[in-house]
2 protein chains.
Amino acid sequence: MPSTYKYPRPALTVDCVVFGLDDADLKVLLIQRDLEPHRGGWALPGGFVHVDEDLDQAAMRELREETGVDRVFLEQLYTFGALGRDPRERVVTVAYYALVKLLDHRVQAATDARSAAWFAADELPTLAFDHAEIVAVALARLRGKVRYQPIGFELLPPKFTLSQLQHLYEVVLERPLDKRNFRKKVLSLKLLEELDEVEQDVAHRAARLYRFDERRYKKLVKQGFNFEI
Amino acid sequence: MPSTYKYPRPALTVDCVVFGLDDADLKVLLIQRDLEPHRGGWALPGGFVHVDEDLDQAAMRELREETGVDRVFLEQLYTFGALGRDPRERVVTVAYYALVKLLDHRVQAATDARSAAWFAADELPTLAFDHAEIVAVALARLRGKVRYQPIGFELLPPKFTLSQLQHLYEVVLERPLDKRNFRKKVLSLKLLEELDEVEQDVAHRAARLYRFDERRYKKLVKQGFNFEI
DNA sequence: CCAAAAGTGTTTCACGTACACCCATGC
DNA sequence: GCATGGGTGTACGTGAAACACTTTTGG
């Protein structure tokens with residue numbers, strides 16, 4: 001049933017920039033719009049905030065509904081409210097960014113009713129609305145934050161090699177890192193648990209697997225520890 | 001005239017955490033509410049976003065209308081949208097924080113029709129709605145950001161002494177800093193212009209005045225420079 | 001002349017950075 | 001046996017941190 005208010009209200013939406021990482025580079029998950037405006041164009045997953053759900057819930061719901069992505073790292077990014085950012089009416093959107101383990105989510109995105117696909121973050125198609133700006137802000141946030149918060153692990157499988165971890169930082173920070181210095185640095189943090197396991201099915205010496213020790217990290221943070229890479 | 005929509009919409013507001021600095025400590029500007037709920041209680045300046053103004057404009061307008069504060073550093077903080085944060089109806093608020101030169105704004109705030117007052121940031125009265133949480137987030141942002149962005153200068157007069165600057169960092173970061181190391185560090189950044197002026201009317205040796213060289217800062221940023229204190 | 005804050009250098013230590021070779025494995 | 005990435009140590013330089021006394025000015 002319709003609702004009436006004394007003064008006009010902006011519509012409120014959420015949009016999500018979903019990042020994933022593969023062997024080659026950083027990816028962003030986009031959906032193809034099935035409505036005007038920009039019908040058929042690529043856009044960020046998102047939609048209207050229901051009046052009885054909070055913002056984080058709305059973002060998670062839209063992500064699940066439109067891309068099948070669920071139970072991932074999700075953090076509010078920035079709220080975009082420029083006049084005219086949506087040609088139909090005034091729409092304010094609370095943008096989020098998500099970090100997913102790409103291997104877990106490759107299939108769902110591709111097989112969803114709505115067409116969804118991963119694009120290299122530095123080769124995105126033209127995006128609807130102001131979504132290109134939102135992605136730019138999300139990238140900047142990710143680049144800034146990955147250095148002083150251990151969020152990079154959200155992009156990797158639970159067990160990973162040090163080379164995978166280094167590759168992650170190289171891709172996100174867009175610069176090469178020295179292998180020995182990188183390993184020295186991350187191991188000195190004492191946040192990685194060395195497993196008695198190695199990679200499988202590689203055509204060369206198998207690398208040791210590590211796991212991020214989240215319990216230990218939280219304990220150290222309480223003691224004033226600051227993650228930094 | 002009233003507006004009708006197919007689905008109910010949250011109300012959208014902006015709220016501002018205004019920081020100022022005096023000799024003693026960091027202050028926050030609050031207003032006394034003249035409407036229910038929390039009538040007579042202290043709250044952040046803020047109000048509804050008009051449908052024809054963008055978010056930054058709305059924040060600036062509310063700040064001007066409610067406190068007389070104008071032309072100050074203002075930056076979006078975070079958007080708060082928990083269910084029940086306003087007892088009347090669903091209200092989503094885009095929070096901002098502002099940094100003002102307290103001496104410029106002491107009078108207006110006190111003489112405005114609405115009662116406004118500065119409170120020490122660590123001794124705030126009970127606040128309406130979830131405003132205490134908003135202030136906490138703003139403080140965390142300020143503490144984090146002051147170290148790697150030259151925003152602290154927004155809290156000082158255009159000409160200031162190195163001791164004032166050090167005091168600023170000590171108050172915001174909540175820890176004492178070594179005088180010699182601090183001076184060495186800030187001067188090494190080459191962002192302060194040493195003036196041929198000293199403090200006036202002090203009962204001891206007058207300190208030299210400095211000015212933040214914003215042009216130089218912007219130029220250095222373009223060359224990849226990163227401010228850090 | 002006393003109170004109050006301004007101003008000034010050196011030493012030490014930790015950490016970031018640069019850098020090259022041998023090892024294990026699968027094919 | 002060869003191609004591919006895994007894994008390892010040292011030397012150097014920069015910058016952070018610790019630390020105390022003299023100078024200037026007004027009252």
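Below, read A as the first sequence line, B as the second, and so on, with proteins coming before strands; counting in each chain starts at 1.
For A:N181, the listed nucleotide lying nearest its side chain is C:dT17; candidates were C:dA5, D:dG6, C:dT17. For B:A203, the listed nucleotide lying nearest its side chain is D:dG27; candidates were C:dA24, D:dG27, D:dT23. The side chain of A:R180 lies closest to C:dC19 when the candidates are C:dT25, C:dC19, C:dT8.
Taking atom CZ on A:R183 and atom P on D:dG6, their separation rounds to 7 Å, with Å as the unit. Atoms NE2 (B:H167) and P (C:dA4) sit 18 Å apart, rounded to a whole Å. Atom-to-atom, CZ of B:R147 to P of D:dA16 comes out at 12 Å; the value is rounded to the nearest Å. Atom-to-atom, CG of A:L187 to P of D:dT8 comes out at 8 Å; the value is rounded to the nearest Å. The nearest whole Å value for the distance from the CG atom in A:L165 to the C1' atom in D:dG5 is 17 Å. Between A:R205 atom CZ and D:dG6 atom P the separation is 9 Å, expressed in whole Å.
A:L30 and A:L124 make their closest contact through CD1-CD2, 4.2 Å (heavy atoms, listed as atom of the first residue, atom of the second, distance). Looking at every heavy atom in both residues, A:W118 comes nearest to A:K27 through CE3-CB, 3.6 Å.
Side-chain N or O atoms of B:E228 include none that pairs as donor or acceptor with a backbone N or O of B:Y148 at under 3.5 Å.
Test A:D15, A:T79, A:D56 against A:V94 for side-chain contact (heavy atoms from CB on, under 4.5 Å) and you get one pass: A:T79.
Residue A:K185 is classed as a sugar-phosphate contact, given heavy-atom separations below 4.0 Å to backbone atoms only. Using a 4.0 Å heavy-atom criterion, one finds that B:S163 contacts the sugar-phosphate atoms exclusively.
Two residues, A:E199 and A:D178, neighbour DNA chain D, and the one matched to the more 5' nucleotide by heavy-atom proximity is A:E199.
A donor-acceptor contact under 3.5 Å is not formed by the side chain of A:K184 with the base of C:dG16.
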